[in-house]
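Everything below concerns the one structure shown next.
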Amino acid sequence: MTREERLTEIDDYVRYLDTLYDRIMAEIGRSDVSVTVLGFSKGVATAARWLCRGRGKARQLGPGA
C-alpha cells in the first residue's frame, strides 16, 4: 500500500474481499458456516478494516499463529 493512494487502496481491497466473501457464501450458504478471520502482520489491519467497512460477518477475529 502506498502512502499517496492509501484510502483508494483500502477501498479497493475492501471491495475485493466483499466480492470474494459474497461468492463463497452464495456457494455454500451462510447459515452453514462459522467464519473466523485471521491476519498475519499487516493483514491484521486489513482484516479489521474489512470487517468494519465491508459486508463480511465473522464470528471471530483473531491473530494468526
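Between the CG atom of Asp22 and the CD atom of Glu27 there is a distance of 12.0 Å, given to the nearest 0.5 Å. If you take CG on Asp11 and CZ on Arg6, they are separated by 10.5 Å, rounding to the nearest 0.5 Å.
For Tyr13 (side chain) and Trp50 (main-chain N/O), no donor-acceptor pair under 3.5 Å exists by modelled atom type. Side chain of Asp18 to backbone of Gly54: no donor-acceptor contact under 3.5 angstrom is found.
Using a 4.5 Å heavy-atom cutoff, the side chains of Thr46 and Leu17 are in contact.
Between Gly39 and Val44, the shortest heavy-atom contact is O-CG2, 3.3 Å. Closest of all the heavy-atom pairs between Val37 and Ala58 is CG2-CB, 3.7 Å. For the pair Lys57 and Val35, the tightest heavy-atom approach, listed with the atom from each and the gap, is O-CB, 3.7 Å. Contact between Val14 and Arg49 at its shortest, heavy atoms only, is CG2-O, 4.4 Å.
By the 4.0 Å N-to-carboxylate-O rule, Asp12 lies close enough to Arg15 to be salt-bridged with it.
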